[in-house]
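Bear in mind the structure is a predicted one, so any value in this text is a computation, not a measurement. Hydrogens, waters and symmetry mates are skipped; everything else that's a heavy atom, side chains included, is used.
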Amino acid sequence: MFYETGQNAHGLAHDPFKAIVSPRPIGWIGSRAAGGSLNLAPYSFFNAISDTPKLVMFSSSGRKDSVRNIEETGEFTASFVSHDLKDAMNTTSAPVGHGESEFVLAGLTPVEGKLVRAPFVAEAYAVLECKVTEMFQPKALDGSTSDSHVVIGQVVGIHIREEAIRDGRFDMAKVRPIGRMGYMDYCDAGDVFEMFRPKW
């Protein structure tokens with residue numbers, strides 16, 4: 001099959017776009033409002049985009065609390081979502097009111113970053129502390145502005161729990177990262193195999 005996305009007439013029961021672009025890592029974004037309230041929210045439009053410098057991005061559909069807080073402070077954290085924290089992560093996606101803490105809602109322990117004044121999940125196997133380099137709303141081909149808000153942050157500090165390290169590597173079999181598929185589907189990326197690049 002083929003369809004043009006302008007009309008989006010795919011004829012399927014559900015739009016397949018996000019199922020095709022999968023699995024996507026989940027950015028569990030911690031932020032603090034200028035007034036001091038804490039926020040924690042998962043974003044499946046999340047990824048690393050540069051190694052030197054270390055940059056990550058997430059995109060929010062609409063100007064949600066995470067975006068508002070980060071606009072005010074210029075800082076955020078990204079906590080690693082492992083299989084054992086999947087239910088807590090899902091709980092933090094609830095549409096609670098501004099100023100209500102998702103940490104409390106999900107029974108998680110907030111810890112303030114060492115280099116940023118944003119909270120992260122103490123129970124997470126790894127955490128990225130980030131300072132914003134860019135925030136913008138992307139544009140379509142016709143020049144119209146998307147309702148999505150893209151946040152790019154430079155990773156200034158990384159936390160890793162000791163039990164997540166084996167043989168000098170972040171142990172995927174131990175931490176079992178959760179990825180977002182399409183629809184309401186998720187995957188467990190703990191089934192790991194190696195492939196080496198060919199040498200010519």
Side-chain angles (χ1 to χ4, degrees), residues 18 22-48 55-132 135 137 147-161 163-164 175-189:
K18 288 189 281 187
S22 69
R24 301 184 305 280
I26 300 168
W28 212 2
I29 305 300
S31 62
R32 179 191 298 273
S37 62
L38 306 183
N39 184 265
L40 180 66
Y43 291 89
S44 67
F45 288 135
F46 169 80
N47 222 316
L55 299 173
V56 294
M57 64 74 63
F58 77 92
S59 178
S60 170
S61 297
R63 191 169 171 270
K64 297 176 182 172
D65 286 347
S66 299
V67 172
R68 292 189 185 96
N69 293 349
I70 294 167
E71 283 176 340
E72 294 172 354
T73 65
E75 301 176 329
F76 65 95
T77 65
S79 295
F80 184 87
V81 180
S82 53
H83 188 272
D84 60 319
L85 291 175
K86 68 183 188 309
D87 292 328
M89 177 276 297
N90 192 46
T91 298
T92 63
S93 69
V96 299
H98 181 68
E100 290 187 58
S101 174
E102 290 84 359
F103 286 94
V104 173
L105 187 69
L108 296 165
T109 308
V111 178
E112 186 166 296
K114 291 184 179 293
L115 302 177
V116 301
R117 289 197 68 243
F120 65 85
V121 176
E123 294 81 0
Y125 281 115
V127 177
L128 309 177
E129 295 191 15
C130 307
K131 293 190 177 183
V132 173
M135 296 180 73
Q137 289 178 264
D147 186 45
S148 293
H149 294 255
V150 176
V151 179
I152 299 177
Q154 183 165 335
V155 179
V156 296
I158 298 177
H159 302 258
I160 306 174
R161 282 170 44 189
E163 63 266 35
V175 300
R176 297 176 63 190
I178 293 297
R180 184 70 193 268
M181 311 290 276
Y183 322 116
M184 293 293 107
D185 298 336
Y186 292 80
C187 66
D188 178 337

> Could you walk me through whether Val67 and Met135 pass the side-chain contact (heavy atoms from CB on, under 4.5 Å) check?
Replying inline: CA-CA 9 Å; Val67 172; Met135 296 180 73; 3.8 Å; yes
Are the side chain of [X] and the backbone of [Y] linked by a donor-acceptor contact shorter than 3.5 Å?
X: Arg180; Y: Tyr43; value: no
X: Glu129; Y: Gly157; value: no
X: Arg32; Y: Arg117; value: yes
X: Arg63; Y: Ser66; value: no
X: Glu75; Y: Ala118; value: no
X: Ser79; Y: Val127; value: no
X: Glu102; Y: Thr91; value: no

Any chance you could measure [X], atom [atom1], to [Y], atom [atom2], to the nearest 0.5 Å?
X: Tyr125; Y: Leu85; atom1: OH; atom2: CG; result: 8.0 Å
X: Phe80; Y: Ile158; atom1: CZ; atom2: CD1; result: 12.5 Å
X: Leu55; Y: Leu128; atom1: CG; atom2: CG; result: 11.5 Å
X: Ile29; Y: Phe120; atom1: CD1; atom2: CZ; result: 14.0 Å
X: Lys131; Y: Leu115; atom1: NZ; atom2: CG; result: 6.5 Å
X: Ile26; Y: Asn47; atom1: CD1; atom2: CG; result: 12.0 Å

Measure across [X] and [Y] and return the closest heavy-atom pair with its distance rounded to 0.1 Å.
X: Ala33; Y: Thr73; value: C-CG2, 4.4 Å
X: Met181; Y: Pro23; value: SD-CB, 3.6 Å
X: Val150; Y: Met57; value: CG1-CE, 4.0 Å
X: Ala88; Y: Leu108; value: CB-CD2, 3.9 Å
X: Thr109; Y: Phe103; value: C-CD2, 4.1 Å
X: Ser59; Y: Ser148; value: OG-CB, 3.6 Å

Query raised in the report: Within a reach of under 6.0 Å around NZ of Lys64, are more than 12 heavy atoms found that belong to other residues, nucleotides or ligands?
Result: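 Buried by this count: over 12 neighbours within 6.0 Å.
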Checking Val151, Ile70, Leu38 against Ser31 for side-chain contact (heavy atoms from CB on, under 4.5 Å), the one that qualifies is Ile70
**Asked** Do His98 and Asn69 have side chains that get closer than 4.5 Å, going by heavy atoms?
**Response** yes
Practice item. Find out whether Cys130 and Val116 are in side-chain contact, i.e. whether some heavy atom of one side chain is under 4.5 Å from a heavy atom of the other. Key: no
Pair Glu112, Thr77 - check side-chain contact (heavy atoms from CB on, under 4.5 Å), show working. CA-CA 9 Å; Glu112 186 166 296; Thr77 65; over 6 Å; no
**Prompt:** Who pairs with Arg24 by salt bridge (Lys or Arg N to Asp or Glu O under 4.0 Å), at least two apart in sequence or on another chain?
**Reply:**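 Salt bridge (Lys or Arg N to Asp or Glu O under 4.0 Å) list for Arg24, sorted by chain: empty.
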